[in-house]
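The structure under discussion appears below in the form of structure tokens.
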There are 2 protein chains.
Amino acid sequence: MTLLHDEGLTVEELAVWRMLQRVQARIARHLEADLLDAHGLPLASYEVLRQLAEAPGRRLRMNDLAERVLLTRSGLTRMIDRLQRETLVTREACPSDARGLFAVLTDRGAQRLAEATPTYLRGVRTRFLDALGGDEVGRIKDLLHRLGGPDAGHA
Amino acid sequence: MTLLHDEGLTVEELAVWRMLQRVQARIARHLEADLLDAHGLPLASYEVLRQLAEAPGRRLRMNDLAERVLLTRSGLTRMIDRLQRETLVTREACPSDARGLFAVLTDRGAQRLAEATPTYLRGVRTRFLDALGGDEVGRIKDLLHRLGGPDAGHA
DNA sequence: GCTGTAAAGGTGTTCGCGCAACGTTCTAAG
DNA sequence: CTTAGAACGTTGCGCGAACACCTTTACAGC
């Protein structure tokens, strides 16, 4: 229980944070590689398509979508540009607010998502869940939920 | 316990992975911002300096260091270039292997690290640990350790 | 000794992202 | 009605990272 400096952190606590970083990065990198060379789809793009697929009307406001996929609005603009170039997504005006735009999943986008999803799920299974006991999923979920703040809950 | 596709994942399991991503990204972004505007030091640079400070002789082979900070070798080359420009790090030849280079922490680097560390630790405390009960640290450490694979253990 | 293979590190290039600034539209206060 | 401020999305810019490739060195087999 050796304390570090005057912040009252133990080395163990610090190590936990480092581990969290490593684990997340490692898994994300694997998933990215899997998706990329099986479907030419970056992980971030996959997440965007998935969010849209889950949203009512397959559409989400840019701002809203940006928050969900942890991108800035400008970052999302470029991402949607790319996806639109591949005709996986369209932009549609928002009737109730002329400032707003919807990102809308196209049929091709939905199909592409469907193709990639098995790869993604298999990756999550093998890179992540297999290392955990089934009962531990519930516990880690509980812990992460506490860390996720007030949002972060989208079953 | 609804299952997804044919991979045998539950929605809960998938949600846990998403949460892990969100939590890590959110915290890292906060730490980055804190370090950046208090000391003009990106989080990744901080991690490099810290790894060097903890290493015997304040030095690490480039390849070795790259793995620890989750960078490719080329990424680390540029990073060390930058840190060297600020005289926080030096490169030294490896006596036993002419191909090898050490990245070595300078005194200025150590000092800069010391200045930034309270900010870093305070960030980890407030953005991460405060949301956890003390007893939960041990549990999450155990879980992450399992996910971290054979390495990832540096107290 | 040579030769082939692998490893270490660096370089050219490309790409994705965040920040700051901008135009547009909505909304509230007067 | 007018005007100040905020919200939404986009754009110019610079930075940081990965990928593919290159040089140099180490090490194995013959």
Side-chain angles (χ1 to χ4, degrees), chain A residues 21 24-26 28-37 40-49 52 59-86 88-104, chain B residues 21 24-26 28-37 40-49 52 59-86 88-104:
Chain A
Q21 286 184 99
Q24 192 276 340
R26 214 174 55 81
R29 217 165 276 206
H30 278 299
L31 293 185
E32 170 98 9
D34 291 349
L35 283 173
L36 218 43
D37 67 50
L41 201 61
L43 179 57
S45 302
Y46 177 85
E47 313 258 24
V48 166
L49 297 183
L52 290 177
R59 73 191 52 217
L60 241 27
R61 288 286 294 269
M62 293 292 285
N63 204 347
D64 193 358
L65 181 55
E67 284 175 14
R68 301 197 192 206
V69 297
L70 296 171
L71 242 51
T72 58
R73 286 194 298 284
S74 84
L76 182 63
T77 293
R78 318 301 171 99
M79 161 128 297
I80 295 296
D81 286 348
R82 292 189 295 271
L83 294 177
Q84 198 165 22
R85 237 172 269 135
E86 298 190 61
L88 304 179
V89 175
T90 327
R91 275 183 240 245
E92 285 187 25
C94 174
S96 64
D97 187 340
R99 295 170 303 180
L101 281 182
F102 284 110
V104 186
Chain B
Q21 287 184 100
Q24 192 276 339
R26 213 173 56 83
R29 216 165 278 202
H30 279 297
L31 293 184
E32 169 98 11
D34 291 349
L35 283 173
L36 217 43
D37 66 50
L41 202 61
L43 178 57
S45 301
Y46 177 84
E47 313 258 25
V48 166
L49 297 183
L52 290 177
R59 74 192 53 218
L60 241 27
R61 289 286 293 269
M62 293 292 285
N63 207 344
D64 194 356
L65 181 55
E67 284 176 13
R68 300 199 192 203
V69 297
L70 297 170
L71 241 52
T72 58
R73 286 194 300 282
S74 83
L76 182 63
T77 293
R78 317 301 169 98
M79 161 130 300
I80 295 296
D81 287 346
R82 291 189 296 268
L83 294 176
Q84 198 165 23
R85 235 171 272 135
E86 299 189 61
L88 305 179
V89 179
T90 328
R91 276 180 238 244
E92 284 187 25
C94 174
S96 64
D97 186 340
R99 296 170 302 179
L101 280 182
F102 284 109
V104 186

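Side chains are part of it too, since the values below use all heavy atoms of this structure and drop only hydrogens, waters and symmetry mates. These numbers were taken from a predicted model, which means no experiment stands behind them. In the text below, chain A, chain B and the rest are named by the order of the sequence lines, each starting its count at 1.
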For a quick check, tell me whether the side chain of [X] and the base of [N] share a donor-acceptor pair closer than 3.5 Å.
X	N	result
A:R78	D:dG12	yes
A:T72	C:dC19	no
A:S74	C:dC17	no
B:R73	C:dA8	no
B:R99	D:dA26	no

Please test A:R61 against A:L101 for side chain to side chain contact (heavy atoms under 4.5 Å, CB included), starting from the C-alpha separation and ending with a verdict.
CA-CA 6 Å; A:R61 288 286 294 269; A:L101 281 182; 6.0 Å; no
Given C:dT11, C:dG18, D:dG9, identify the nucleotide with an atom nearest to the side chain of A:L71.
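The listed nucleotide nearest to A:L71's side chain is C:dG18.
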Please pick, from D:dA17, D:dC8, D:dT25, the nucleotide with the shortest atom-to-atom distance to any side-chain atom of A:N63.
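Selected nucleotide (nearest to the side chain): D:dC8.
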If we only count heavy atoms from C-beta on, is the B:M79 to B:V69 side-chain gap below 4.5 Å?
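They are not in contact (no side-chain heavy atoms under 4.5 Å apart), so the answer is no.
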Counting just side-chain N and O atoms, does A:R82 come under 4.0 Å of either OP1 or OP2 of C:dC17?
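So the side chain of A:R82 is within the cut-off, an N or O lying under 4.0 Å from OP1 or OP2 of C:dC17.
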Rounded interatomic separation in angstrom, taking [atom1] from [X] and [atom2] from [N]:
X	N	atom1	atom2	answer
B:M79	D:dC15	CE	C1'	11 Å
B:D37	C:dA20	CG	P	10 Å
A:H30	D:dA18	NE2	C1'	16 Å

Taking any heavy-atom pair under 4.0 Å as a contact, classify B:D81: base, sugar-phosphate, or nothing.
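Nothing, no nucleic acid heavy atom in range.
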Using heavy-atom distances to pick each residue's nearest nucleotide on DNA chain C, tell me which of B:L101 and A:A98 is more 5'.
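Whichever sits nearer the 5' end wins; that is B:L101.
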Using heavy-atom distances to pick each residue's nearest nucleotide on DNA chain C, tell me which of A:S96 and A:L70 is more 5'.
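Of the two residues, A:L70 wins.
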Give the intermediate values and the outcome of side chain to side chain contact (heavy atoms under 4.5 Å, CB included) for residues B:V89 and B:L49.
CA-CA 8 Å; B:V89 179; B:L49 297 183; 3.9 Å; yes
I need the minimum non-hydrogen distance between B:M62 and B:I80, along with the two atoms involved.
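Answer, listing the atom of B:M62 first, then B:I80: CE-CG1, 3.8 Å.
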